[in-house]
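Data first, discussion second: the structure below is written as structure tokens.
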Amino acid sequence: MGLLVFVAVLVLEAAVLAFGQTGFVSIDCGFAGDDNYSDDLAGGITYVPDGAYVDAGENRKVTTVYRKKGPRYKTLDTLRSFPSGQGQRSCYSLPTSPGTKYIVRLEFLYGNYDGLDYLSLSFNLTLGVNHWNIVNLDTDDDMYGYRAYAAVFEAWANWAPVCLINTGGGTPFVSTVELRPLGSLPYPAMGNQSLSLYERKSMRRSADDEIIRYPDDPYDRYWYARELKADDHASIISNTSAILSKGSFEVPSRVLQTAFVPAGSSKELALQSKTSDTPLPRDHSVILHLVDFQSNATREFTVSIDSGTPTSPINPPYLEVMSIFYWSSGSEGWSIKLNATAASALPPILNAYEVYSRIIHDNPTTFPQDFNAIMAIKYEYGIKKNWMGDPCFPPEFAWEGVQCSNDGDRTMRIISLDLSYSELHGLISNNFTSLTALKYLNLSCNQLDGTIPDSLRRNNGLVVFSYESDGDMCKKSRSKNRVTLAVSVVASVLVVSVLVLAYLIWRAKRKPHYLSTDHPPTVPELMEASGHRTNHWDHLQRPENRRFTYEELEKFTDNFKRLIGHGGFGNVYYGCLEDNTEIAVKMRSESSSHGLDEFLAEVQSLTKVHHRNLVSLHGYCWEKDHLALVYEYMSSGNLCDYLRGLSIANF
Ligand SMILES: *[C@@H]1O[C@H](CO)[C@@H](O)[C@H](O)[C@H]1NC(C)=O
Ligand SMILES: *[C@@H]1O[C@H](CO)[C@@H](O)[C@H](O)[C@H]1NC(C)=O
Ligand SMILES: *[C@@H]1O[C@H](CO)[C@@H](O)[C@H](O)[C@H]1NC(C)=O
Ligand SMILES: *[C@@H]1O[C@H](CO)[C@@H](O)[C@H](O)[C@H]1NC(C)=O
Ligand SMILES: *[C@@H]1O[C@H](CO)[C@@H](O)[C@H](O)[C@H]1NC(C)=O
Ligand SMILES: *[C@@H]1O[C@H](CO)[C@@H](O)[C@H](O)[C@H]1NC(C)=O
Ligand SMILES: *[C@@H]1O[C@H](CO)[C@@H](O)[C@H](O)[C@H]1NC(C)=O
Ligand SMILES: *[C@@H]1O[C@H](CO)[C@@H](O)[C@H](O)[C@H]1NC(C)=O
């Protein structure tokens, strides 16, 4: 039997080592190396540099003197400090999976890294957009300014930002950032509330400042020792016999194999927080972990938290874990009172406890899908700016170029994105499409290539989309290169105005009595709907808007040889005019899901937005059921030659 248990333990340990650290994100802040490393003292956890998770701050090292004291984890040797003005925010973005519960832990070791010998340091922590804790570091204590802060939360998006706010109490910094998935542990963290760890203790003697953590605890919770104090009137018992069940909170055996019982023949065990501790918010929860490893004789007691009404008697089963969870309100600090009943043969027992305060998520947050999309865009293009934390909230930290709706709701939507002059390279990201509330997108004056994603064009009527990469507007841009502009304007006023014209011509053709007029009588009506439209109509009336025949288009596009794009409206072809002017010809296909009436509806909404046209329109074609718009086409190479088969070298 003994051997069996031993073998089982070995197998378990091997499993933990082989399959452990699943989902762990372990960041050594300020670590300048390129490679990750594994720290034996921290259970062999692999730490990675922080560059991928943060854009701000600078790498610093603690001084040697301080490095010799306090917890000796290697990750505490370096830190990232954020010299910034009071009220400024600096954030790490941690990769999460929505709906999964996590522990996030930040560790701080000041270690006089800046040579300024601060006696105390203070700044705020936020989890997402909500207040988490005030970091208070007493650099004079026996930990030399070391503190760890942890929270349990349920992820709401693909990223969870944790931020340090400069409150004027010194330069914020952080030494370690860790994220640990919690599986199905029943901590009461959910969308609208998280838990801020106040204390997590195991009742034992501490050897130095040893922490029980990974790999004893596969979730890498830190279990500090709650040492015995004279006024506890308690004694410590221990037993290394195996605890039979893991319990719903899966507390490690090592944590549970020691316990407090009342001293002497007392039947009552009473513990409370120290008054000298950081204040504990009145709204907090206490979790007790109880297991009887002494004997199977009757052990029965009532539990009273924060001087509340005692519970009905409970019996922690022999060698099996029982966890008791309470929400409390109305008490500063916490107290636990265990009182044996008359029927009990044994005194009460307490093995471990946890105390949490509540983080209430009541601030407006960016809609998760929008947040995911903008983060994907940020990483795809390597955008830095001030893009950290939540994109929309609080407004004073809103991301540069990002505008959000604020309709008093708790969810904010990204409605406008100006990425002009952002030095974007590469293709136009599909992720713009995921910003489904977007009404304005300006990608002008970047080095973007290729066509606009179909999905974005399908949506085009709803977005004011600006995508110019050349011309006077971009002159101040650093790059002088002309850049391919495949399909230039998706929803410009000019396009829709021409559609109005085309529609009207079409109607004119269908209704013979309109044929005699230059433009149908419905035009003035339409124009009156919005004051702006008159100008566009005037613009369209200009003689330079050439009317093409279908035959001409066939010729100019070499029989629609080069397809350069496709949208809801139809295909877009490359072409060349007689004078070698490059054109993009947008054909309306019969199968287009966009009816003309639908387009007109979009015209109505779009023309309300003042929008500068970006490429010039050459003209249109309306003939034999063919509707086409002909634009100027800009490219870096000579596509006219390509079309004529003279040179394919550049393609
Ligand atoms: C650590 O680095 C190695 C080699 O560069 C890599 O294979 C491994 O995935 C990295 N581990 C983590 C946790 O990033
Ligand atoms: C820091 O947190 C405290 C407590 O929530 C709050 O009163 C204070 O306004 C915060 N300071 C800043 C600059 O956010
Ligand atoms: C969180 O939401 C639940 C329902 O989903 C509700 O019962 C609870 O009161 C809410 N808590 C807070 C702090 O808003
Ligand atoms: C330890 O547990 C064993 C049973 O596993 C029991 O026989 C023994 O009395 C216990 N010792 C103490 C000191 O509680
Ligand atoms: C208690 O343990 C003893 C021996 O360890 C056993 O004989 C007895 O049946 C147990 N009693 C109960 C109530 O489990
Ligand atoms: C403990 O319980 C006993 C009876 O079970 C009761 O008489 C006594 O008042 C309780 N003590 C406290 C401090 O609650
Ligand atoms: C961003 O785009 C990539 C490539 O198209 C895709 O795999 C990813 O799921 C997108 N992310 C989001 C959040 O939409
Ligand atoms: C797009 O951004 C550029 C550069 O900031 C600006 O000149 C242009 O007017 C913007 N386009 C629209 C349609 O707002």
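The first residue of the sequence shown is numbered 1, and numbering continues consecutively from there. Only heavy atoms go into these numbers, but all of them, side chains included; no hydrogens, no water, no symmetry mates. As the structure lists them, so they are numbered: ligands from 1, and atoms in each ligand from 1.
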I'd like to know if the side chain of [X] pairs up with that of [Y] as donor and acceptor (distance under 3.5 Å, no hydrogens or angles considered).
X	Y	result
S26	E178	no
H361	S194	yes
H425	D449	no

Check ligand 6 against the protein and report each N/O to N/O distance under 3.5 Å, formatted as atom name, atom name, distance.
residue, atom, partner, partner atom, Å
ligand 6, 2 (O), N339, OD1, 3.4
ligand 6, 2 (O), N339, ND2, 2.3
ligand 6, 11 (N), N339, ND2, 2.8
ligand 6, 14 (O), N339, ND2, 3.4

Practice task
Enumerate the atoms of ligand 8 whose separation from the nearest heavy atom of S420 is less than 4.0 angstrom.
Solution key: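 The list of qualifying atoms is 2 (O), 4 (C), 5 (O).
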Under a 4.0 Å N-O cut-off, is there an ion pair linking [X] with [Y]?
X	Y	value
E268	K337	no
E227	K229	no
D232	R226	yes
R89	D390	no

Handout entry: Heteroatom proximity flag, N431 to ligand 7, N/O under 3.5 Å
Key =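 N431 vs ligand 7: N/O contact under 3.5 Å present.
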Exercise for the section: Say whether S444, considering both its backbone and side-chain N or O atoms, lies within less than 3.5 Å of an N or O atom on ligand 8. Expected result: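 So ligand 8 has no N or O lying under 3.5 Å from an N or O of S444.
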Practice task
Please say whether Y440 places an N or O atom under 3.5 Å from an N or O atom belonging to ligand 8.
Solution key: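 Looking only at distances, the answer is yes, because the N/O contact criterion of under 3.5 Å is met.
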Handout entry: Contacting atoms of ligand 7, where contact means under 4.0 angstrom from a heavy atom of S434
Key =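 Listed by number with element: 14 (O).
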Practice task
Show which atoms of ligand 7 fall inside a sub-4.0 Å distance from at least one heavy-atom site of N372.
Solution key: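 Every atom of ligand 7 under 4.0 Å from some heavy atom of N372: 13 (C).
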Exercise for the section: Answer with side chain, backbone, both or neither: which part of N430 has a heavy atom less than 4.0 angstrom from an atom of ligand 7? Expected result: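 Within the 4.0 Å criterion, N430 contacts ligand 7 through side-chain atoms alone.
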Practice task
Could you list the residues that satisfy ring-ring contact (aromatic ring centres under 6.0 Å, His included) with W399, not counting sequence neighbours?
Solution key: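 Counting only residues at least two positions away or on another chain, W399 forms a ring-ring contact (aromatic ring centres under 6.0 Å, His included) with W387.
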Practice task
For this output row, return yes or no: ring centroids of Y102 and F153 closer than 6.0 angstrom.
Solution key: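 Between F153 and Y102, which both carry aromatic rings, the centre distance is below 6.0 Å.
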